[in-house]
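All remarks here apply to the structure that follows.
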Amino acid sequence: MNVTSVTNEIFQLSINIDNILFEGLWEIPNGVTLNSYIVKGEKTAIIDGVCGWDGVPESLFELLNKINVDPNSIDYAVINHMEPDHSGWIEDLIKINPNFSIICSKPASDLLKSFYNYTNNIICVKDGDTIDLGNNKILSFYEIPNVHWPDTIATFDKHSGTLFSCDAFGSFGRVKDNLYDNMLSSEQIDFYEKEAVRYYSNIVASFSIPVKKSIEKCRALPIKIVAPGHGIVWRENPQKIINDYERYYSYQKGPAKKEITLIWGSMYGMTEKTITPILNILKEENVKVHVHRVPEDNISNILTSAWTSTGIIIAAPTYEYKMFPPAISTIDELGRKKLFNRKALYLGSYGWSGGAIRDMDETISRNRMNWEFVDKFEFKGYPSENDFNHIAGKVKELAELVKSIGKD
Ligand code: FEO
């Protein structure tokens with residue numbers, strides 16, 4: 001748990017969460033932070049709230065105590081977003097301080113009732129509305145719907161130029177003592193960039209069109225500091241995380257980087273026979289490749305790799321007239337995240353019937369993924385020399401395509 005000063009009147013409260021599946025689903029081997037912020041004018045506002053993952057508020061109150069903020073003195077609680085990683089503390093704060101006002105969007109106020117049966121002292125805000133805390137602290141609010149739920153707003157303090165962006169511009173990765181970009185080495189910044197793209201692809205990727213609109217809206221503000229709900233605070237170079245997010249949403253429709261993600265699975269080693277030759281060709285072609293075996297690798301990492309890759313290779317056999325189940329469920333998840341317009345190659349072994357291609361085509365069509373395949377190639381049993389030669393030619397073709405259209 002940390003309390004630090006963003007500026008003289010703004011404090012960040014931060015805790016790290018480990019050993020959970022985020023949203024009950026995503027592996028977070030490097031943890032994640034939950035951030036909230038105190039803004040002090042003549043009145044005091046708290047923006048989002050951190051608490052122990054079990055919902056116990058002692059962690060929040062302990063942090064407030066360190067900056068001499070009595071929870072009873074809080075005038076406003078800004079809930080940028082009702083997902084419980086930002087709002088789960090509110091019930092406990094209400095118990096000890098029934099007098100503060102909650103500031104949120106209209107959709108969030110509806111969720112307040114259904115989540116916490118709370119309907120009192122709610123101020124619903126729209127684009128550009130403001131609350132004056134005194135002492136030059138005027139908070140303004142901007143609707144950024146679907147980043148990540150329809151209720152989401154961002155809060156802006158014009159005096160300091162701080163954008164409290166909630167899920168926007170967030171990242172996975174626990175934060176230790178250095179919570180600010182100006183305190184980090186280039187290696188540490190690289191670490192958070194990798195965690196940011198993993199966060200983006202896992203959590204907000206489906207909403208890339210709203211993300212684009214929201215970033216355009218935020219760009220109109222004189223931002224000097226980006227203070228997200230997850231990850232580090234960007235106060236030396238806030239444009240970096242904004243530019244990074246612009247790249248991330250552009251990857252949805254492709255092209256992405258000059259990279260290929262190879263997703264493969266094998267039952268008895270027949271499809272597996274093709275993997276080393278494929279990797280050798282990609283090495284010769286000097287194309288970066290992310291390799292994921294299914295079901296062994298987790299979907300969180302596969303999504304991250306696929307999000308930044310222009311090319312996808314699926315190597316998986318037929319299983320009971322359809323595609324090997326963990327491979328088809330992976331493709332389906334990529335479709336649910338709206339990973340569009342990839343250049344692709346399929347190959348796989350079948351024992352007696354085939355069927356993987358039909359299954360894959362149905363999944364890609366249903367999700368409107370619009371992947372363009374250089375080939376869909378099935379071989380019977382172990383691949384023959386002719387099969388290897390054919391696959392080699394198609395891998396080269398895909399590699400050349402990725403290099404020609406992918407981004408640096
Ligand atoms: Fe960090 Fe959508 O909650």
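Atoms within a ligand are numbered from 1 in the order they appear, just like the ligands themselves.
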Worksheet item: Going through the checks in order, is the side chain to side chain contact (heavy atoms under 4.5 Å, CB included) test met by Lys407 and Lys258?
Response: CA-CA 6 Å; Lys407 297 175 182 173; Lys258 297 178 195 288; over 6 Å; no
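- Taking the six-membered ring for Trp and the full ring otherwise, the centers of Trp264 and His292 sit at least 6.0 Å from each other.
- To the nearest 0.5 Å, atom OG1 of residue Thr152 and atom CD1 of residue Ile79 are 12.0 Å apart.
- Rounded to 10°, the angle that NE2 of His230 and OD2 of Asp85 form at atom 1 (Fe) of ligand 1 is 80°.
- The name of the N, O or S atom in Glu83 nearest to atom 2 (Fe) of ligand 1 is OE1.
- Under the 3.5 Å distance criterion, the side-chain polar atoms of Asn35 are left unmatched by any main-chain donor or acceptor of Ser14.
- Angle OD2(Asp167) to atom 2 (Fe) of ligand 1 to NE2(His81), rounded to 10°: 90°.
- The aromatic ring centroids of Phe172 and His230 lie 6.0 Å or more from each other.
- When atom 1 (Fe) of ligand 1 is compared with the N/O/S atoms of His86, atom NE2 turns out nearest.
- For His148, the N/O/S atom at the shortest distance from atom 2 (Fe) of ligand 1 is named ND1.
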